[in-house]
Structure formats: C-alpha cells, structure tokens
Colleague: 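I have a structure I would like to understand better, so I am pasting it below and will then ask my questions one at a time.
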Amino acid sequence: MRTFEYLRPATLQEALGSLSGLANSKPMAGGMTLIPAMKMRLSTPARLVDLGGLEELRGIRVDAAAVTVGASSTHESVANSALVRAAIPALCEVAGGIGDPQVRNRGTLGGSIANNDPAADYPAALLGLDAQVLTTRRTLSAAEFFVGLFDTALGDGELITAVRFPVPAAAAYEKFKSPASRYAMVGVFAARTAGGVRVAVTGAGAGVFRAGVIEAALEEKFSVDALTSLRFPSDGLNTDIHADAQYCAHLVGVLARRAVARILYVGRR
Amino acid sequence: MHISLTVNGKSVQADVAPEELLSDLLRERLGLTGTHVGCDTSQCGACVVHVDGRSVKSCTVLAVALQGSTVTSIEAVASAAGLHPMQKAFHENHGLQCGFCTPGMVMSALDYAARNPDPSAESVRHWLEGNFCRCTGYQNIVAAILAGAAAMSERAKELGK
Ligand SMILES: Cc1cc2nc3c(=O)[nH]c(=O)nc-3n(C[C@H](O)[C@H](O)[C@H](O)COP(=O)(O)OP(=O)(O)OC[C@H]3O[C@@H](n4cnc5c(N)ncnc54)[C@H](O)[C@@H]3O)c2cc1C
Ligand code: FES
Ligand code: FES
C-alpha cells in the first residue's frame, strides 16, 4: 500500500476542511472496500480522512413516515436494529445479507452507496424504496444519486450524512449470491409504496435500475401469476464469466417472483 | 503516528505508519504470528481477530485507527488451565487439517457463540461465509463450533451456579 496522511477529525466541519485542504483526499468509513483497493493500488489517496470519530454520521431514527439511517451505521447494526425491523424488515434483510459477519461488523451504509458497486445490495433498497440521500450539501433522490458504474452524483469533498427510507406498505429483497464473492449476481428489491409498485435490480447491469415492465405488470395485478409469462429483456445486461445476459434476465424474473411471493405470503412488509 | 491500545490484555504503545495493517502490527511488530494472512482481497478470514469484542478481518483494518481499542488474537484464547472449550472442540471433532484457517475460524466461532444463544448448523454455515477452509470441507468445523458453543454455555451455567 502507498503511504498517505491519516487524519481522524472529531467533527463534521473539521472533516470537510480536511477533505478540501489537499488534492486527492478521500474519506474512509469501514474501509472494507477502500483498504482492499488501496492494497492493490487501485486507489492511492494522498490523505485519508477517517469518518469513524464523527457523531453526526451515527444513529438510526424512526418515525411514522421513514427510517433515517446515519451514513456510518454498520451493516451489522442495521441488520440487528429492532427499530428498523419493526418499520422496514426488508432493510434488515438487505444489510444482513451483505458479505460476511466480519464485513458487516465494519462496512457501512455510506461507504456502500458512495462506492456504488454494480453488484452491491444497498443501492437496490434505496432505489426500490425511493429513498433520499442526505449529504453535507443537499438532498438527492436515489435515482439522482446513482449515476453509473461505480459513479454517484457526489461532488469532491461532499459527504453522505444519512439515508432516509420512506416506510413502504410492504417490501422484500431477494438475492442470488455469486458463489465466489457473495455479492449479488442479481438482486431484486420489490416494494409496494405510496407512489406505486417499485422494483429495483442490482447485479445485472452497469448499475442499479428499475425494472419497468415488471412494475407495470405488478401494478395491474400484484401477484406471482402476473409475472409467470413475462420474459425480462436481456438487452444491455451484463455478460461475464459468471453469467451471461440471458441468464441474468432469467434471474431477474425468478427473483422478482420470489420477492412478490414473500410479500404476499410470508409476512407483511 | 503514535497509538496506544490493549492487545491480549496488555497495554501496547506503538509508532505505526498510516498504511500499517492490524495484521502487520500483530505479526511483524508484536510477534503474534497466530493470526494468519491468506489473501489480498479481504475474503479468506484467516486473519480474524476481535476488536472491542467483535470479529474483524485484521488485514483490512488500519492499525492507526485503533487508538484506545482492545484487540484479542488467538494467542489469548487458551489459558493456564489449558485449551478454551472452543479450541478443545476443534481438536476433538477433527475440525482442522493443515490448520492454516484455524485461528481465524476459532476467533470467528467465538463471536458466533457470543451472539447466537440458539446455535444451529445452518446459522453456523451462514456465519462462516467469511472464513475459507481449503482442507476440511467444513463438515467437522461446523460440528466443532456447535460442540464448542454447547460447551461454552455449559461452562457459563456452571460459573453462574
Ligand atoms: C469480502 C467482502 C464481501 C463483500 N460483499 C458484499 C456484498 O455481498 N454486498 C455488498 O453490497 N457489499 C459487499 N461488500 C462491500 C461492503 O458492503 C463494504 O462495506 C462497502 O461497500 C463499503 O463500505 P465501507 O464503510 O467499508 O466504506 P469504505 O471502504 O471506507 O469506503 C468506500 C468508498 O466510499 C467513500 N465513502 C465512505 N463513506 C462516505 C461518506 N459518508 N460520504 C461520502 N463518501 C464516503 C470512500 O471514500 C470510498 O470511496 C463486501 C466487501 C468485502 C470485503
Ligand atoms: S487475510 Fe484477511 S481476509 Fe484473507
Ligand atoms: S485446515 Fe487447512 S485450510 Fe482449513
């Protein structure tokens, strides 16, 4: 690993100053993506600003309308939060299915969505629930935030502070794990929300996207049958050593049906 | 940069480079080579230790970030009285062959036992997603963790009497 300057600010204000004070400065949350990338010299920051000391990015708050999760919340803390489970159990499932226990003990919500890995789980939950990303500068919808392959709308020196997830009537996440990496080969997050049915897909494309044809079919009739004869189009989906586009498209259909079945038969939300 | 932390019950002062990993601090500087390093990709779990009571991959934690933390590695698991019940269970159930993965397995298993009052083979298998073993086929590791967790709760009951 190349060396760098390490700073651990105590306040958000100080962190923003540290980030803008030197070119090629990077924030670090759990380090579960950044440290492996630095080991391989895929990332070579001159200065690392450790967000671990910032109270402002912590905590989970729940009200009738939404669950607001601080950017520094670990996957473990979201997976095991009784507050989150009571409001949006599907969010606990998403967090509890990321990587392995040791990754969940350190990896965070903010780090995951800032990285926007095309196979990451959280982006599907954010887009599926029409969540808002709160940053040090503004509030962005999930659709505005996730721009493309490992790319987000975040500007230089802009930090995610929290994510606000509106409470849906019901939601479920189904993930088909890559047997090697445990990332989503394909993951489908389905939700019945105030704004209609939303179905977000991760793993299958260059970034998270909404499955419009599936949403339309479910809008007509929210049932597994509504999707049985539907063939999800494979145009533009990934082809790699693990799966080709046709197979990814097939998985989108299978996982969407499983998610709908879970919503209808296994328990509310 | 100067840090002070507690490692296996002892207070440690060290001047570390920002890029120094916890696994390097343990192995190279403190001579605690029970913690193994098996990959570059944070996937194998041979390096698992506890930081402030939770299992983490020490190859993916910067030492410099651990000011004031408490670290426990495999060396502190056995006591003067002998092997820990979890270690004994690995021994008795033939839960290892070459042993390379074992320190990480045991540290991960201890965190599992602490967090799962109701152990099951299925939840152990899920828990081990971040611990690779290239020898045993996992069968005996799962058996060992179930036996070790049972022995630990027996011992806790005994002590509670
Ligand atoms: C073995 C392994 C398996 C994994 N499996 C999965 C999986 O199945 N599914 C999945 O979704 N993920 C998986 N991950 C990734 C994991 O979820 C990471 O924790 C996550 O992607 C990054 O979170 P972090 O807190 O560790 O961020 P870091 O590694 O600290 O940072 C990641 C990026 O985000 C930036 N960043 C961090 N915090 C902020 C903030 N508040 N504001 C702005 N930018 C910020 C950093 O600068 C960096 O660019 C896996 C990781 C490993 C090592
Ligand atoms: S050496 Fe740490 S996960 Fe492989
Ligand atoms: S015993 Fe050899 S790797 Fe597990």
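Proteins get letters first, then strands, A, B, ... in listed order; numbering begins at 1 in each.
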Colleague: M28(A) versus chain B, heavy atoms under 4.5 Å apart: side chain, backbone, both or neither?
Modeller: side chain

Colleague: With only heavy atoms counted, which part of R104(A) is less than 4.5 Å from chain B, the side chain, the backbone, both or neither?
Modeller: neither

Colleague: Check whether A17(B) gets within reach of chain A through its side chain, its backbone, both or neither, counting any heavy atom under 4.5 Å.
Modeller: neither

Colleague: Is R155(B) salt-bridged to E158(B), cutoff N-O under 4.0 Å?
Modeller: no

Colleague: Does any donor atom in the side chain of N8(B) or S73(B) lie under 3.5 Å from an acceptor atom in the other side chain?
Modeller: yes

Colleague: Is a salt bridge present between R58(A) and E55(A), judged by a nitrogen-to-oxygen distance below 4.0 Å?
Modeller: yes

Colleague: In terms of ring plane angle, is the pair H75(A) and Y122(A) parallel, tilted or perpendicular, where the classes change at 30° and 60°?
Modeller: tilted

Colleague: Could you tell me which portion of A37(A) (side chain, backbone, both or neither) has an atom closer than 4.5 angstrom to a non-hydrogen atom of chain B?
Modeller: neither

Colleague: Answer with side chain, backbone, both or neither: which region of L62(B) has an atom nearer than 4.5 Å to a non-hydrogen atom of chain A?
Modeller: both

Colleague: So which of R8(A), R2(A), M32(A) has the biggest tally of heavy-atom pairs under 4.5 Å with chain B?
Modeller: M32(A)

Colleague: Pick whichever of G53(A), G52(A), P101(A) has the most heavy-atom pairs under 4.5 Å with chain B.
Modeller: P101(A)

Colleague: Show the numbers, then the answer: is there a side-chain contact (heavy atoms from CB on, under 4.5 Å) between R115(B) and R54(B)?
Modeller: CA-CA 10 Å; R115(B) 272 162 231 296; R54(B) 287 194 175 279; 3.2 Å; yes

Colleague: Does the side chain of S55(B) pick up a donor-acceptor pair with the side chain of Q102(A) at under 3.5 Å?
Modeller: yes

Colleague: Which region of L48(A), side chain (C-beta onward) or backbone (N, CA, C, O), has a non-hydrogen atom less than 4.5 Å from a non-hydrogen atom of chain B, or is it both or neither?
Modeller: side chain

Colleague: Side chain, backbone, both or neither: which part of V56(B) has a heavy atom under 4.5 Å from chain A?
Modeller: both

Colleague: With a 4.0 Å cut-off on N to O distance, would you call E5(A) and R47(A) a salt bridge?
Modeller: yes

